[in-house]
Amino acid sequence: MKKFYITTAIAYPNSRPHLGHALEITQADAAARFYKLSGKDVFLQTGTDEHGLKNWQTAKKAGKDIMGFLDENVSVFRDLFARLKISYDNFLRTSDKEIHYPAAQELWNKLVKSGDIYKRKYSGLYCTGCEAFKTEKELENGRCPNHSTRKIETVEEENYFFRLSKYRDKVSEIIERDEYKVVPQSRKNEILSFLKIAEDISFSRPKATLPWGIPVPGDDKQVMYVWCDALSNYITGVYYGRDNKKFKEFWPADMHMIGKDILRFHAAFWPAMLISAGIPLPKRLFVHGFILSEGTKMSKSTGNVIEPFEQIEKYGPDAFRYCLLQSMPMDGDGEYSEKSVKERINTELVANIGNFCYRVLSFLASRYDSKFSKIDDDKKIISEILDIAGAIKLDYDSLNFRNAIQNILRISSIGNKYFQDNEPWKLINADREKTEKVIGTCINIVKILTITLKPMMPDFSAGMESQLGLKDLRWKDINFELKKHKIGKPAIIFHKCEESIAVSAKEFPLNIKAARIDSVKEHPNAEKLYVLDVDIGKEKRQIVAGLREHYSAEELKGKKIVVVCNLKHAKLRGIESQGMLLAGDDGKSIGLLTTKAIPGTAVLPDGLTGNEKEISFDDFMNIQIIIKDRKPYADGMLLKAGKEEVLAERVKDGARVR
RNA sequence: AGCGGGGUAGGGCAGCCAGGAGUGCCCGGAGGGCUCAUAACCCUCAGGUCGGUGGUUCAAAUCCACUCCCCGCUACCA
């Protein structure tokens, strides 16, 4: 079987990888994983472009040997790819003398043979300090900014050129007809207009000005310029010039993936070179935009640089991949911000997808001993979901990850609604068999989610496969054929990303006071709730508390507790609650926080001042207070009511206060 | 200035190429339901003269012309 061959642009490793590198390789990896799932024999190549003056100078400046410098930087890229779970099959370094050099030289020779390489004089502005050509833009007052005492000279040098102009019509035609398909359309238009005026391109440099490159065959005074050196990686990595039979298994490439800044080289130079060398053209060029932060390009001066390593560390590879893929529109630039990352994790991954998977699996595990032997043959749901899965396939095939995500979320929303509408937690008392069918269908939906998310979030899907007790799910397993099955052990995969309210050095965000319960009534409308009147010193408050399963009215009356007073008031089943009493919850028992302090005493960490500002329930939930040795700690700081201690009843260490 | 991208509900987007009731997604707001699930899930409602003007058309967010505003690029760099 011919390989399905995908490439990324090769990175220039003169500094650390940035978000753009992470984006491109993640897109390529997601595509590769998708095609693999669909049964193709995928080969993904990436690598690094290691020649050129910039690498040479950066190494020199750092006082390092060029290969040592490159090895170091390249290993950082490889490390990033590993952390990103990139499933590449080949990593090609253009500094590879064994494989890459001879093959690139072979390509050069082919171009010479076709009569498309010729010598021509080139003249430019040369800085003797840098020993390099400068563009007019780079100069300040006609001088090199790094060597302002030296003169800029106009230097002529003789270089080899490639006859791009000869091929512009031919390349235009091929792109026009989509034989080499450039997407999106706007990039295709752009390159077609460039091809009308494309001129021959400089193809080499004298060794004296570019000391670090691949030697031009038959001319030891010249080295290849980047085109033949770097673009050729796409063929040299897959046996070009080494093993023609094997080369044909890979080539032509099914997809090159690049950024919009290098469109010309891939949609004009590269196909022209291939035609000249008599090599078939790749099939598709996918061009993505840049990834921006806060609406502008990331730069150190703006201070909006986002480090890929840090993002993976904070959010994990799955969520990072998911957000990267979602950030990029099909045309134009994308936007990445941590605020939206957190939002997406909490709402899409946790509340929508993750919650559906977990509620279904845990229901089956606890009520049916993890087994089912029938499914609900709800034609409407089934066909609706299979239709969406079909759309997702098209989304992936066109690399529209954003649409794919949107459609996947639709599936889990349908699942959540289906679960909700059937109310299995109630239905199970009336019709145990029907309930089992409903859950069986839900398991199939979970399976479909697992498969459709596999290209984007490999860890999640691997985790779900093991929870489902299924192995090696493929795209063809998207169906409702799982009718009798025993699942594995359910577990939560995505965890809520807490927006930690900065507990500032001076102000504690909560206004907590010691209080005494004056009276206890049962909530007329809710079986778990009490309505309490509490004394918080200068005023009295009415508080609704869900304690009826844990405390009797007698136990509560007169008890001295602590209450959050600046929480936004809320109606609970029709009765207003003007605060919240604090209790520890260790998963088994609920135990009140108590204190001997007189009502009204502020409860604070040492040294911090109080805060009257009203706080929303969500913000409150994001403040972690944990019990240790019966005492409450907020962000590691002990909470006390003046001089008196605050102690939690009944609960173990690690209990969360709420 | 040139080139490119954009202006659609309070925020972020899709829809535009192949015109057909402002349709859709995520967040946020208001109200309700539910308790299996990670305070999660479900439902309802509010909110828009689709940047503006003019044209083509039976019909325009969508096509054409003009115009206003925002942003990016303008390096022999992958």
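Proteins get letters first, then strands, A, B, ... in listed order; numbering begins at 1 in each.
A donor N or O paired with an acceptor N or O is found under 3.5 Å between the base of C41(B) and the side-chain atoms of Q420(A).
Of the P atoms belonging to G2(B) and G20(B), the separation is 34 Å, rounded to the nearest Å. To the nearest whole angstrom, the two P atoms, one in G19(B) and one in C63(B), are 9 Å apart. A gap of 39 Å separates the C1' atoms of C58(B) and C3(B), to the nearest Å. For the P atoms, the distance linking U8(B) with C50(B) amounts to 11 Å, nearest Å. A distance of about 22 Å separates the C1' atoms of G5(B) and C77(B), rounded to the whole Å. Rounded to a whole angstrom, the distance from the C1' atom of G12(B) to that of G32(B) is 27 Å. Spacing between C42(B) and U35(B) at atom P, rounded to whole Å, works out to 16 Å.
Here K426(A) pairs with E423(A) under the salt bridge (Lys or Arg N to Asp or Glu O under 4.0 Å) rule; sequence neighbours left out. Applying the side chain to side chain donor-acceptor pair (under 3.5 Å) criterion to S340(A), with sequence neighbours excluded, gives S337(A). By the salt bridge (Lys or Arg N to Asp or Glu O under 4.0 Å) test, K260(A) pairs with D333(A), sequence neighbours left out. With sequence neighbours left out, E343(A) forms a salt bridge (Lys or Arg N to Asp or Glu O under 4.0 Å) with no residue at all. With sequence neighbours left out, the side chain to side chain donor-acceptor pair (under 3.5 Å) criterion links S95(A) to E50(A). Remark: T7(A) pairs with Y5(A), Y234(A), H256(A) by the side-chain contact (heavy atoms from CB on, under 4.5 Å) rule, at least two apart or across chains. Remark: Y358(A) engages no residue in a side chain to side chain donor-acceptor pair (under 3.5 Å) (not counting sequence neighbours). For D387(A), there are no side-chain contact (heavy atoms from CB on, under 4.5 Å) partners at least two apart in sequence or on another chain. Partners of S366(A) according to the side chain to side chain donor-acceptor pair (under 3.5 Å) rule, which considers only residues two or more places apart in sequence or in another chain, do not exist here.
At least one side-chain nitrogen or oxygen of K426(A) sits closer than 4.0 Å to the OP1 or OP2 atom of U35(B).
The interatomic distance linking K260(A) (NZ) with G6(B) (C1') rounds to 11 Å, in whole Å.
Residue R187(A) has its side chain nearest to G4(B) when only A37(B), G4(B), A78(B) are considered. Picking from G33(B), A78(B), C77(B) the nucleotide with the shortest atom distance to the side chain of K54(A) gives C77(B). Each of C77(B), C42(B), C26(B) was ranked by its minimum atom distance to the side chain of D421(A); first place goes to C42(B). The listed nucleotides are C43(B), A37(B), A78(B); the one nearest the side chain of K417(A) is C43(B). Taking every side-chain heavy atom of T347(A) into account, C27(B) is the closest of C27(B), C34(B), A78(B). Of the candidates U35(B), C77(B), A78(B), the closest approach to any side-chain atom of A9(A) belongs to A78(B). In the set C36(B), A37(B), C77(B), A37(B) carries the atom at the smallest distance from any side-chain atom of Y358(A).
More than 12 non-hydrogen atoms from other residues, nucleotides or ligands lie less than 6.0 angstrom from NZ of K119(A).
Within the cation-pi definition used here (under 6.0 Å to the ring centroid, within 45° of the axis), R120(A) does not qualify as a partner of F203(A).
Within the 4.0 angstrom heavy-atom criterion, no nucleotide atom of any strand lies near V360(A). The residue N416(A) sits close only to the backbone: its heavy atoms come under 4.0 Å of sugar-phosphate atoms, none of a base. Using a 4.0 Å heavy-atom distance criterion, R367(A) is classed as a sugar-phosphate-only contact. Nucleic acid contact for F356(A): none, since no nucleic acid atom lies under 4.0 Å from a heavy atom of the residue. W270(A) comes within contact range of no nucleotide atom at all, as no heavy-atom separation falls under 4.0 Å.
Residues H495(A) and E423(A) both approach RNA chain B. Their nearest nucleotides, taken by heavy-atom distance, put E423(A) toward the 5′ side.
Ring planes of F265(A) and W227(A): tilted class, angle from 30 to 60°. The aromatic rings of F81(A) and Y88(A) sit perpendicular, their planes meeting at an angle over 60°, well past the 30° parallel limit.
For C36(B), the base is not stacked against the aromatic ring of F363(A), per a cut-off of 5.5 Å between centres and 30° between planes.
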Problem set entry | Under the 3.5 Å Watson-Crick or G-U criterion, the dot-bracket string of RNA chain B, with | for inter-strand pairs | ((((((((.[[[[[)....(..]]]]].(((((.......))))).....[[[[[..)....]]]]])))))))....

Listing time: all N or O pairs from protein to nucleotides 7-11 of chain B that are below 3.5 Å?
none

Just the atom pairs and distances: protein N or O near nucleotides 13-15 of chain B's N or O, under 3.5 Å.
from: C13(B); atom 1: O3'; to: R402(A); atom 2: NH1; distance (Å): 3.2
from: C13(B); atom 1: O2'; to: R402(A); atom 2: NH1; distance (Å): 3.3

